[in-house]
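Predicted model only: the values in this text are computed from it and were never measured. First listed ligand is number 1; within each ligand, the first listed atom is number 1.
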Amino acid sequence: MAKADASKLDWNNLGFEYMDLPYRFTAHWKDGKWQDAGLTEDATLHISEASPVLHYGQAAFEGMKAYRTPDNHIQLFRPDRNAARLRNSCERLLMPVFPEDKFVDAVKEVVKANADFVPPYGNGATMYLRPLIIGTGGVIGVHAAPEYIFTIFAMPVGNYFKGGLTPVNFTTSQYDRAAHKGTGQAKVGGNYAASLLPGEKAHDNGYADCVYLDPVEHRYIEEVGSANFFGITKDNVFKTPKSPSILPSITKYSLLYLAEHNLGLGVSEEKIDVHDLDQFAEAGACGTAAVISPIGGLEHDGNLHTFYSETEVGPVTKKLYDTLTGIQFGTVEAPEGWVQTVE
Ligand SMILES: *Cc1c(COP(=O)(O)O)cnc(C)c1O
């Protein structure tokens, strides 16, 4: 694959596609410590065929973005939260933790080295960063790996769901993404492998993606599989599901805070019954990649429940979107400690 060339990119029409940028950060865990940490130009990994990541899915990742501000600085949104979540994911899969402060420094190094690829301010495009840690080395029994590779690569991206702030329809899934005491709270590869078939079925039936229900009763909304769910009730409460098998979205917890402190809404994390959607005036899916995707309708058991509109974003969702993205791009004042300047 050819290296990407920043001068040839059409910033207004970026999709959500991999690109091979000039630099990535890598570090190797060997003999009980992290070593050889630094930037490299090599976009390929060389690992043993017996690496536990390949057989037993010992892999965790993060997703974050770098934003260009109107005055041409580059900033990160709550990177310390990604560092902390990767720590949790690594602990769950018995992987060594890359120190949280060094994680944030490494992200900044990757952004700086590839700064030409951070899209200009103005149309919502960003640089997406993918920190990844995998278990390597030769073992065939079911054990934690003897060696690990930590890497962070990056690429410029546009919208994740086609349409941006245009509502999309979702459908509930017959499948489960994760169990209550499984790995739902960890951002690990296996959860995504399990979500490919349900996601494809949803796409085949004309939906943007599927919404998972709780794995016990198949009654309470969990999340979208790459984004968390929220609803705005008719009496202005920002509600989001509470469940032990949901991935704790940094975007979701940020919106929860902004809904309360910037918009003056009530907020609640609680069980949301898929049969009780009438309580909501608006609904959306949120995550770093998706930002906020308004949910036009949610299909369940053959019925399409529509929220605000199938073609237009609702007013509260729009306000949340403007506040969140304003903070991320540096045009709205951020709560203490939420943004870190790269350069
Ligand atoms: C990453 C992810 C999200 C979104 O989390 P953010 O921190 O907001 O990017 C939601 N659900 C799942 C399953 C995820 O992996």
Q: Of all the non-hydrogen atoms in the protein, which one sits nearest to atom 11 (N) of ligand 1, and at what distance?
A: Glu223 OE1, 2.5 Å
Q: Does ligand 1 come near enough to Arg85 that some N or O of the ligand is less than 3.5 Å from an N or O of the residue?
A: yes
Q: Does ligand 1 come near enough to Ile250 that some N or O of the ligand is less than 3.5 Å from an N or O of the residue?
A: yes
Q: For the residue pair Tyr175 and Tyr212, is the inter-centroid distance of their aromatic rings smaller than 6.0 Å?
A: no
Q: Of the listed options (Gly225, Gly287, Ala178), which comes nearest to atom 13 (C) of ligand 1 when hydrogens are ignored and any heavy atom counts?
A: Gly225
Q: Measure from atom 8 (O) of ligand 1 to every heavy atom in Thr251, Val291, Leu247 and give the option owning the shortest one.
A: Thr251
Q: Taking the ring of Tyr257 and the ring of Trp338, is the distance between their centroids below 6.0 Å?
A: yes
Q: Evaluate the salt bridge (charged side-chain N to carboxylate O under 4.0 Å, His left out) criterion for residues Lys187 and Glu62: first the C-alpha distance (whole Å), next the side-chain angles of each, then the deciding distance (0.1 Å), finally the verdict.
A: CA-CA 7 Å; Lys187 204 167 176 81; Glu62 275 301 321; 5.5 Å; no
Q: Quick one: look up the protein heavy atom nearest atom 3 (C) of ligand 1 and list residue, atom name and how far away it is.
A: Ser226 O, 3.5 Å
Q: Among all protein heavy atoms, pick out the one at the shortest distance from atom 9 (O) of ligand 1; state its residue, atom name and that distance to 0.1 Å.
A: Thr288 OG1, 2.6 Å
Q: Using distance alone, with no hydrogens and no angle criterion, decide if Tyr253 and Glu269 have a side-chain donor and acceptor under 3.5 Å apart.
A: yes
Q: Of the protein's non-hydrogen atoms, which lies at the shortest distance from atom 1 (C) of ligand 1, and what is that distance?
A: Lys187 NZ, 1.4 Å
Q: Considering only the protein, which heavy-atom contact is closest to atom 15 (O) of ligand 1, and what is its distance?
A: Tyr192 OH, 2.5 Å
Q: Would you check whether Met64 reaches within less than 4.0 Å of ligand 1, judged by its heavy atoms?
A: no
